[in-house]
Amino acid sequence: MEILKNKKGTKVKERKGGNKGKIPGLPSMPTGGQFFSNLLTAVLVFLIISTLYSAVVGNKNKVEEVSVSKIAQDISGGAVKKIVVEGGMINAEYTDGTKKKSKKEIESSLSQTLVNYGVTAEKLARVEVEVKSESGFGYYALNLLPFLLPILLIGFVFWMLSRQVKGAGMQAFSFGQSKARIIDPNDASQKVTFKDVAGAKEAKEELVEIVDFLRNPKKFLDIGARIPKGVLLMGAPGTGKTLLARAVAGEAAVPFFHLSGSEFVEMFVGVGASRVRDLFKMAKKSAPAIIFVDEIDAVGRVRGGGVGGGNDEREQTLNQILVEMDGFEPSEKVIVMAATNRPDVLDPALLRPGRFDRRVTLELPDREGREEILNIHARKKPLGEDVNLKVVAERTPGFSGADLSSLMNEGAILAAREDRKTVAQYDLIRSIEKVMLGPERKSHILSKEEKKITAYHEAGHALVASVLPHADPVHKISIIARGNAGGYTLKLPLEETRLQSRKEFLDEIAMSLGGYVAEEMVFGDITTGPSNDLQVATALARDMVTKYGMSEKLGPVALEGSGGRALFGGRGVDSRDYSEDVSAKIDAEVSKIMNDAFARAREACKTHRKALDAIANELVEKESIEREEFEKILVASGILPKKKKEPVA
Ligand code: ADP
Ligand code: MG
Ligand code: ZN
């Protein structure tokens with residue numbers, strides 16, 4: 001395990017083989033770039049050594065080299081003052097100060113050599129002779145370096161290569177290890193606490209207990225309390241499950257092992273299971289700790305559900321998680337948290353007591369919650385005077401925490417693009433639609449005819465919504481294309497309610513058909529425009545019949561679970577456990593609901609044809625209409641706009 005500093009200078013511990021730009025699980029081979037940079041280092045080292053060498057040796061080379069016979073002659077002539085014998089060299093110092101040197105025959109002694117060259121003993125006696133020992137480091141270095149250098153160099157290159165190969169080999173061996181990211185509790189910049197999570201009051205209350213235990217396990221263990229091993233966070237995407245798990249770790253100040261369910265499952269069978277073992281081992285070592293398995297449905301699906309043995313790898317991984325959780329001693333002080341947005345597909349074994357028996361549900365935030373979340377994300381953004389987050393919160397029902405965080409960010413981007421120093425309310429309002437429907441498609445240019453059709457289509461939706469008593473009032477209409485939508489009609493509920501009634505559903509279906517009706521009525525033809533409306537409306541009608549028991553013919557039966565789909569040959573198919581007869585009845589009921597809704601929408605458009613024309617004309621001209629203008633048109637055509645209902649006591 002090594003400690004890496006990431007860009008922000010925060011400490012992030014990361015296991016070897018962490019998938020930074022590598023294909024996870026695959027041993028990374030030395031890349032070409034790496035190899036060449038190593039080679040470059042080797043060459044550089046070689047150059048430096050050889051330069052040093054020649055510098056040392058070069059100094060000595062300044063002395064003129066002559067033959068031994070020349071020196072012998074000079075000695076005979078009395079010109080030499082001193083001779084220094086060093087290794088195989090004779091260095092002669094002349095009386096006039098010059099220096100010369102020569103190679104000596106190694107086998108014979110100096111005097112013998114000189115005598116051989118005809119120097120008499122008498123002449124030699126006049127010369128000072130010094131013999132230096134041959135054992136100095138410099139001597140050896142100078143003599144051995146030429147031989148050693150290539151060997152050293154080759155050795156060095158081999159060492160470099162072997163290091164890389166070893167690295168690759170190590171990675172190949174370590175791919176069964178867990179890839180958990182570990183967040184250090186002492187790292188302030190990564191720390192998330194409950195303060196960073198808005199709303200979710202009940203969820204926080206549940207989790208305070210866990211925090212308490214992790215902070216002070218002794219208190220609980222002394223009294224013999226068994227602390228839940230597993231906490232399952234459930235909720236729609238973006239409701240803050242991951243955030244909340246991190247906040248628990250931050251509050252408890254314990255290490256947080258973060259891993260995604262899909263990271264367990266890889267192409268090598270058995271790797272997932274071994275990752276699980278490794279992860280739990282690591283966590284136990286640093287207990288008290290939290291293991292967080294995000295998106296656990298990737299591994300925790302009902303086992304044996306697949307055809308032909310199912311996904312063995314996934315099942316093994318899941319089994320291993322179960323085994324590890326069973327293996328916990330109460331004193332182990334490791335708590336497993338997991339998050340999912342599909343609790344319905346989880347294996348029941350995961351949910352039994354002693355495993356993920358604590359379940360915390362995170363809901364989409366209500367108006368207050370949204371305002372709080374907006375406030376949290378506005379912390380680091382300078383807001384203009386006119387900003388009213390309450391209004392933004394009112395206009396964003398159904399937004400998740402992640403949507404709201406992205407909304408604030410989009411607002412800041414808009415302000416920055418226009419070189420303003422603060423975020424204005426207008427930026428935030430514009431961002432709502434961007435987050436909801438995607439960016440405006442300016443390049444999507446409609447022909448005059450198309451524009452008119454789109455205008456009538458949206459006007460149809462808006463009009464039906466305004467006429468039917470249980471539909472939500474219209475908030476904005478636009479024929480500017482955004483994301484997938486060619487145009488859009490935004491409605492806002494007068495009050496946020498958790499429950500929806502049959503009458504509301506029926507009006508909603510009628511309103512979805514408003515576009516279809518208007519197109520047919522005005523142009524006598526249907527375009528592909530309403531296809532999505534039809535799908536949404538039909539699906540809702542079907543749910544009314546099969547899920548909510550809202551059909552008179554079939555009565556109060558739930559014929560389908562909440563989206564339970566069995567895997568069949570890798571594809572999801574609806575599992576039906578009712579007869580063909582009932583199936584035919586369902587179809588008949590769905591089509592009756594649709595036809596009734598169609599008739600009501602048609603009726604509304606027919607009665608208020610003048611209003612329909614007025615709205616469509618305004619749209620063609622202005623491309624989008626806000627609520628106030630829209631209501632003016634309604635009033636002018638004799639339709640009363642919807643008002644907030646008096647609260648019923
Ligand atoms: P999930 O895991 O449920 O899909 P996340 O926890 O990843 O959602 O949330 C995504 C982002 O949305 C968070 O990083 C945070 O910025 C924001 N967010 C979600 N819920 C909240 C909340 N209750 N309070 C503050 N921010 C939130
Ligand atoms: Mg998440
Ligand atoms: Zn439509």
Heavy-atom pair of closest approach, residues Asp386 and Ala424: OD1-CA, 3.9 Å
Is there a donor-acceptor contact under 3.5 Å linking the side chains of Tyr488 and Glu433? yes
Do you know the tightest heavy-atom contact between Ala393 and Leu374? N-CD1, 3.9 Å
For Leu407, the option from Thr396, Ile429, Ile373 that meets side chain to side chain contact (heavy atoms under 4.5 Å, CB included): Thr396
So, Ser431 side chain and Lys434 main chain: donor-acceptor pair closer than 3.5 Å or not? no
Quick one: does Glu508's side chain get under 4.5 Å of Lys503's, heavy atoms only? no
Polar side-chain atom of Lys229 near backbone of Met325 as donor-acceptor pair, under 3.5 Å: yes
Taking atom types as modelled and ignoring hydrogens, do the side chains of Ser260 and Asp294 form a donor-acceptor contact shorter than 3.5 angstrom? no
Kindly indicate whether the side chain of Leu207, heavy atoms from C-beta on, has any atom under 4.5 Å from the side chain of Leu233. yes
How are the rings of Phe505 and Tyr548 set relative to one another: parallel (under 30°), tilted (30 to 60°) or perpendicular (over 60°)? parallel
Residues Arg246, Leu243; criterion side chain to side chain contact (heavy atoms under 4.5 Å, CB included); working and verdict: CA-CA 5 Å; Arg246 288 186 58 183; Leu243 188 72; 5.8 Å; no
Could you tell me whether Arg420 and Asp427 have a side-chain N and a carboxylate O separated by less than 4.0 Å? yes
So does Glu209 pair up with Arg358, basic N to acidic O under 4.0 Å? yes
Any donor and acceptor pair, going by atom type alone, linking the side chain of Ser551 with main-chain N or O of Val545 inside 3.5 Å? no
I want to check a possible cation-pi pair here: Arg430 against Tyr426, using under 6.0 Å from ring centre and within 45° of the ring axis as the test. yes
If I take atom OG from residue Ser512 and atom CG from residue Leu540, how far apart are they, to the nearest 0.5 angstrom? 7.5 Å
Between Val276 and Asp278, does a side chain to side chain contact (heavy atoms under 4.5 Å, CB included) hold up when you go through it step by step? CA-CA 5 Å; Val276 173; Asp278 198 56; over 6 Å; no
Among Val360, Thr361, Leu351, the one residue meeting side chain to side chain contact (heavy atoms under 4.5 Å, CB included) with Leu232: Leu351
Ignoring hydrogens, what is the shortest heavy-atom contact between Met234 and Pro343? Give both atom names and the distance. SD-CB, 3.2 Å
Side chain to side chain contact (heavy atoms under 4.5 Å, CB included), that's the test. Do Leu490 and Val474 meet it? Break it down for me. CA-CA 6 Å; Leu490 298 183; Val474 172; over 6 Å; no
Do Val231 and Val336 have side chains that approach each other closer than 4.5 Å (heavy atoms only, starting at C-beta)? no
In this structure, CG of Leu279 is separated from CD1 of Ile321 (nearest 0.5 Å) by 8.5 Å
For the side chain of Lys204 and the backbone of Val197, is there at least one donor-acceptor N/O pair under 3.5 Å apart? yes
Thr340 vs Asp297, side-chain hydrogen bond (donor to acceptor under 3.5 Å, both in side chains): CA-CA, chis, key distance, verdict: CA-CA 6 Å; Thr340 180; Asp297 43 294; 2.7 Å; yes
Working note: Ile291 + Val293, criterion side chain to side chain contact (heavy atoms under 4.5 Å, CB included); need CA distance, chi angles, decisive distance, verdict. CA-CA 7 Å; Ile291 294 176; Val293 185; 4.2 Å; yes
Measure the shortest side-chain to side-chain distance between Asp533 and His461 over non-hydrogen atoms and say whether it is less than 4.5 angstrom. yes
For Ala378 versus Leu383, what's the shortest heavy-atom pair and its separation? CB-CD1, 3.8 Å
Relative to each other, are the rings of Phe256 and Phe292 parallel, tilted or perpendicular (30° and 60° limits)? parallel
Flag for Asn409-His377: side-chain donor and acceptor within less than 3.5 Å: no
Under-4.0 Å salt bridge between Glu371 and Lys390: no
Measuring only between side-chain heavy atoms, which start at C-beta, is Asn375 closer than 4.5 Å to Arg379? no
For Lys381, does the NZ atom sit with more than 12 other heavy atoms under 6.0 Å from it, leaving out its own atoms? yes
Distance-only donor-acceptor check, side chains Asp403 and Ser400, under 3.5 Å: yes
With the side chain counted from C-beta on, respond yes when Leu428 and Gln425 share a heavy-atom pair under 4.5 Å apart, and no when they do not. yes
More than 12 heavy atoms of other residues, nucleotides or ligands under 6.0 Å from CZ of Arg417: yes or no? no
Between Pro365 and Leu404 the two heavy atoms that sit nearest each other are CG-CD1, 4.4 Å
Would you say that Thr242 contacts His258 through its side chain, given a criterion of any heavy-atom pair below 4.5 Å between the two side chains? yes
When you measure from the side chain of Arg502 to the backbone of Met550, do you find a donor-acceptor pair of N or O atoms at a distance under 3.5 Å? yes
Is there side-chain contact between Leu492 and Arg395, with at least one heavy-atom pair below 4.5 Å? yes
Can we say Arg215 and Glu251 salt-bridge, meaning some charged N sits less than 4.0 Å from an Asp/Glu carboxylate O? yes
What are the two closest non-hydrogen atoms of Gly398 and Arg370, and how far apart are they? N-NH1, 4.1 Å
Looking at OG of Ser406 and CZ of Phe399, how far apart are the two atoms once the value is rounded to the nearest 0.5 Å? 8.0 Å
